[in-house]
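Remember, it's 1-based here, ligands and their atoms both numbered in the order they're listed. Quick note: numbers below take in every heavy atom, side chains included, and nothing from hydrogens, waters or symmetry partners.
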Amino acid sequence: MSEEGTKRYRIGYALAQKKVQSFIQPSLLNLAKERGIDLVPIHLTKPLIDQNPFDCIIHKLSDPDWINQLQQFLSRFPNVVVIDHPDAIERLHNRVTMLQVVDELKITHEISLGNPKQVFAESRESPLFESKGMIFPVIAKPLAADGGEDSHQMFLVLNKEGLGELKLKLKPPFVLQEFVNHGGVIFKVYVAGEHVRCVKRRSLPDISEGELCLSENLVPFSRISNLTAEDQSGDSVEKLVEAAELPPSSFVTEVATELRQALRLNLFNFDMIRDGRVGDRYLVIDINYFPGYAKMPGYETMLTDFFLDVVQQKQSGS
Ligand SMILES: O=P(O)(O)O[C@@H]1[C@@H](OP(=O)(O)O)[C@H](OP(=O)(O)O)[C@H](O)[C@H](OP(=O)(O)O)[C@H]1OP(=O)(O)O
Ligand SMILES: Nc1ncnc2c1ncn2[C@@H]1O[C@H](COP(=O)(O)OP(=O)(O)O)[C@@H](O)[C@H]1O
Ligand SMILES: [Mg+2]
Ligand SMILES: [Mg+2]
C-alpha cells in the first residue's frame with residue numbers, strides 16, 4: 001500500500017531515447033512507485049489510443065505524427081491530463097515569442113525583471129540592429145529553439161566586422177541579442193507546477209570595452225552552462241559560481257508563478273542573469289520546455305510531488 005492511499009495512478013511518458021536515459025532514473029521510478037505512481041513508457045510504434053488507461057501523459061516530442069495522435073487521444077479521453085498542451089509548448093520553440101511573455105508579466109517585487117533588447121533577422125538582407133539602438137557586443141542565436149543541435153549553436157559578435165563575418169557563418173532566421181555583463185554566472189530556475197528550484201551555473205564571462213577592440217570579431221560557442229571545470233578554463237570559474245549570491249527566493253517564486261500562468265505550462269526552466277549595468281534588475285534570456293531536471297540533486301522528490309499534485313487535483317475534480 002502506498003503512503004498516500006490504496007489507489008495507484010498511471011503516468012505515461014513519451015520522450016526521446018536520450019531523455020529517457022537522463023530523466024527516467026531508477027531512483028525516480030522507485031520513489032514514484034512507493035508513493036502510488038507508476039511511470040510507464042508510451043510505445044511510439046503503437047497507436048496511443050490502444051495504450052490507455054492513463055491518468056496523465058507527460059511528453060517532450062513535437063513531430064506532427066505525435067501531436068496528431070495526442071489530439072485524437074484527447075478527443076476520445078478528455079479526462080486524461082496532458083502535461084503540457086502542444087500549443088503552449090510551441091511558443092518556446094521560437095526565441096522571439098519565448099521572450100515576449102516576459103513583457104506580459106505583472107511583477108510586484110521591488111526587484112525588476114526584463115529581457116535584453118533583441119532584433120530579428122529574417123534574411124541576409126534584413127536591416128540588423130540600427131533601429132533598436134543596440135551596441136556591441138551582441139549574441140546571435142538561431143530563431144528556432146526546437147531541440148536540434150543547431151538550435152544551441154550561438155555566436156558572440158564583438159564588432160561590425162564580426163557582423164559581416166556572421167552572415168557567412170549563421171543561416172537566418174536568427175536573433176541578435178544585446179550581450180549584458182552579468183558576472184559570469186546564470187541562474188537556472190526549474191519549475192514543476194508549484195514546485196520551484198533555483199541553481200547557479202557558469203556563463204560567458206563579462207566583456208570589457210578594451211576587449212572589444214583587441215579580441216576576435218566573432219566567437220562561436222554552444223551549451224556553455226553545461227561545461228565543467230575540466231572542459232575549459234580551470235577552477236576560477238567554479239569559484240566565481242560558488243561565490244555568486246542567489247536572487248531572493250520571494251522574487252524567484254513570483255517570476256516562476258507568473259511565467260507558469262502566462263505560458264500555461266507546468267514543466268520548464270528559465271535562465272536569468274543579474275543585469276550588471278543597474279542594481280536590482282534581472283533579465284530572462286532563455287526558457288526551455290522539459291529541461292534536464294535530473295541534473296538537480298533531489299529532482300526525484302520535486303517531480304514526484306508534482307505528479308501527485310496533478311493526479312490528486314484530477315481526482316478531486318479541481
Ligand atoms: O540534456 P540536458 O540535461 O542538458 O537538458 C537540456 C537543457 O539543459 P538545462 O536543464 O537547462 O541545463 C537545455 O537548456 P538550455 O537551452 O541549455 O538552457 C534544453 O532544455 C535542452 O533541451 P532542448 O535541446 O532545447 O530540447 C535539454 O536537453 P534534453 O535533455 O531535453 O535533450
Ligand atoms: N543576452 C545575453 N547576455 C549575456 N549572456 C548571454 C545572453 N544570452 C545568452 N547568454 C549566455 O549564452 C548561454 C546560451 O544562451 P541561451 O539563450 O540560454 O541558449 P540555449 O538555449 O542554448 O541555452 C547562456 O546560458 C548565457 O551563458
Ligand atoms: Mg539556456
Ligand atoms: Mg534553451
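Near Lys60, meaning under 4.0 Å from one of its heavy atoms, ligand 1 places the atoms 22 (O), 23 (P), 26 (O), 29 (P), 31 (O). Within ligand 1, the atoms closer than 4.0 Å to a non-hydrogen atom of Asp286 are 15 (P), 16 (O), 18 (O), numbered from 1 in the order shown. Each of the following atoms of ligand 1 lies closer than 4.0 Å to a heavy atom of Lys19: 29 (P), 30 (O), 31 (O). Taking every non-hydrogen atom of Lys295 and a distance limit under 4.0 Å, the qualifying atoms of ligand 1 come out as 2 (P), 3 (O), 4 (O), 5 (O), 8 (O), 9 (P), 10 (O), 12 (O). Here is the list of ligand 1 atoms found below 4.0 Å of a heavy atom in Arg201: 12 (O). Of all atoms in ligand 1, listed by their number and element, those nearer than 4.0 Å to a heavy atom of Asp271 are 18 (O). The contact set between ligand 1 and Arg223, taken as ligand atoms under 4.0 Å from a residue heavy atom, comprises 24 (O).
Side-chain atoms of Asn115 do not come within 3.5 Å of backbone N or O of Leu283 as any donor-acceptor pair. Proximity of a side-chain donor or acceptor of Lys314 to a complementary backbone N or O of Val81 within less than 3.5 Å is not detected. Listed for the Glu178 side chain is no donor-acceptor partner under 3.5 Å among the backbone atoms of Gln118.
Using modelled atom types and a 3.5 Å distance limit, the side chains of Thr97 and Gln100 yield no donor-acceptor pair. When only modelled atom types and interatomic distance are considered, Asp309 and His195 share a side-chain donor-acceptor pair under 3.5 Å. No side-chain donor from either of Arg35 and Thr304 sits under 3.5 Å from a side-chain acceptor of the other. Under the 3.5 Å distance criterion, with hydrogens and angles disregarded, a donor-acceptor pair is assigned to the side chains of Gln315 and Tyr9. For the residue pair Arg274 / His182, no side-chain donor-acceptor distance below 3.5 Å is found, with atom types taken as modelled.
With hydrogens left out, the protein atom closest to atom 18 (O) of ligand 1 is Lys188 NZ, 2.7 Å, a heavy atom. The shortest contact between atom 24 (O) of ligand 1 and any protein heavy atom is with His152 NE2, 2.9 Å. For atom 5 (O) of ligand 1, the nearest non-hydrogen atom of the protein is Gly292 N, 3.3 Å. Lys18 NZ, 3.9 Å is the protein heavy atom nearest to atom 1 (O) of ligand 1.
The closest heavy-atom contact to atom 19 (C) of ligand 1, among the options Val199, Val20, Leu15, Asn288, comes from Asn288.
Remark: ligand 1 and Tyr289 share no N or O pair separated by less than 3.5 Å (distance only, no angle test).
With a 4.0 Å heavy-atom cut-off, ligand 1 is reached by no atom of Asp146. The proximity of Tyr190 to ligand 1, defined as any non-hydrogen pair under 4.0 Å, is limited to the side chain.
With the Mg ion (ligand 4) as the vertex, OD2 of Asp286 and OD1 of Asn288 span 90° to the nearest 10°.
Across all their heavy atoms, Tyr289 and Leu92 have their closest contact at N-CD1, 3.8 Å.
The N, O or S atom of Asp271 lying closest to the Mg ion (ligand 3) is OD2.
Counting heavy atoms of neighbouring residues, nucleotides and ligands inside a 6.0 Å radius, atom CD of Glu245 does not exceed 12 of them.
The residue from Lys188, Lys141, Arg95 that alone fulfils the salt bridge (charged side-chain N to carboxylate O under 4.0 Å, His left out) condition with Asp271 is Lys188.
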